[in-house]
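Numbering of residues begins at 1 and proceeds along the displayed sequence.
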Amino acid sequence: MNIENFKPLKDITFEDVFKKQLELEFLYEPQSKEIFDNFDIDCISDQEEFKKYCWRVTEELCEALEALDNNEEQHVFEELMDGFNFLIELIGMYGFTFNDLDFSNKELDTSLKMNVLDIIKKIGLTANCLKNRQWRQSQYLVDLYVFEKRFKEVFNVYINLLRKKMTDQELIDCWLLKYQVNLFRINTKY
């Protein structure tokens, strides 16, 4: 079962995409609901959970790069959409909503590969703001100004990378196809 087996739904907005992706996350991983509901950016275990989701995004971006190297353009964008899904979950974990994000159009001048590498770097620098470690005697509060600025920039560059190949409506339609595949997989225990 893949995206070719489904048709886009109608009248869906980016705000709906964010809500539906979190619903899907909680179907896949019911235990994550408690983490998301009680997330504390200054808590060691929550910082580690945040970093795990950063890795999920990064892994999908690396898969997109591999597909790009193999000239598999359709697969590149499937992997980018998978990473986008994990980014939405990461945003929800932190407690940002659709309204907290920067959807402004920014021209990205470099190649797809360089844009993906830039996102990976930005994710790494965002996660690097989380300095608490289990082996440290003292713990550190997160500099929220720097952290949130970096985190919002990850989203903005990511959305504009996707916009290089599709309109916002095409992006939503593509997301909906993948959403339906994932929902089918959950419901059938695929």
For the residue pair Phe98 and Phe18, does the interplanar ring angle fall in the parallel (under 30°), tilted (30 to 60°) or perpendicular (over 60°) class?
perpendicular
Using 30° and 60° as the class limits, which term best fits the ring planes of Phe151 and Tyr94: parallel, tilted or perpendicular?
perpendicular
Is a side-chain donor or acceptor of [X] paired with a backbone partner of [Y] at a separation under 3.5 angstrom?
X: Asn156; Y: Ser104; result: yes
X: Tyr28; Y: Leu183; result: no
X: Asn160; Y: Arg163; result: no
X: Tyr158; Y: Ile119; result: no
X: Glu170; Y: Thr167; result: yes
X: Asp100; Y: Thr97; result: yes
X: Gln180; Y: Leu176; result: yes
X: Asn128; Y: Gly124; result: no
X: Asp102; Y: Lys152; result: no
X: Asn70; Y: Glu66; result: yes

Mark yes or no: Lys33 above the aromatic ring of Phe26, with NZ or CZ under 6.0 Å from the six-membered ring centre and no more than 45 degrees from the axis.
yes
Can you confirm whether Gln47 sits close enough to Lys131 that some side-chain heavy atom of one is under 4.5 Å from a side-chain heavy atom of the other?
no
Going through the distances and angles, do Arg56 and Glu60 end up as a side-chain contact (heavy atoms from CB on, under 4.5 Å)?
CA-CA 6 Å; Arg56 290 177 179 186; Glu60 297 299 336; 5.8 Å; no
Quick one: are the ring centres of Phe36 and Tyr53 less than 6.0 Å apart?
yes
Would you please indicate yes or no on a ring centroid separation below 6.0 angstrom for Phe147 and Phe50?
yes
Where do Val57 and Asn85 land on the side-chain contact (heavy atoms from CB on, under 4.5 Å) test, with the steps shown first?
CA-CA 8 Å; Val57 176; Asn85 290 343; over 6 Å; no
What about Met114 and Ile123, same hydrophobic cluster or not, with Ile/Leu/Val/Met/Phe/Trp/Tyr joined at side-chain heavy-atom distances under 4.5 Å?
yes
Indicate, with yes or no, if Leu125 and Leu130 share a hydrophobic cluster defined by side-chain heavy-atom contacts under 4.5 Å among Ile, Leu, Val, Met, Phe, Trp and Tyr.
no
Check the side chains of Asn115 and Lys164 for a donor-acceptor pair under 3.5 angstrom, ignoring hydrogens and angles.
yes
Interatomic distance, CD@Glu79 vs CG@Asp82, rounded to 0.5 Å, equals 5.0 Å
Kindly compute the distance separating CD (Glu78) from CD (Glu73), expressed to the nearest 0.5 Å.
11.5 Å
Show the numbers, then the answer: is there a side-chain contact (heavy atoms from CB on, under 4.5 Å) between Phe86 and Glu25?
CA-CA 9 Å; Phe86 286 129; Glu25 162 60 12; 5.5 Å; no
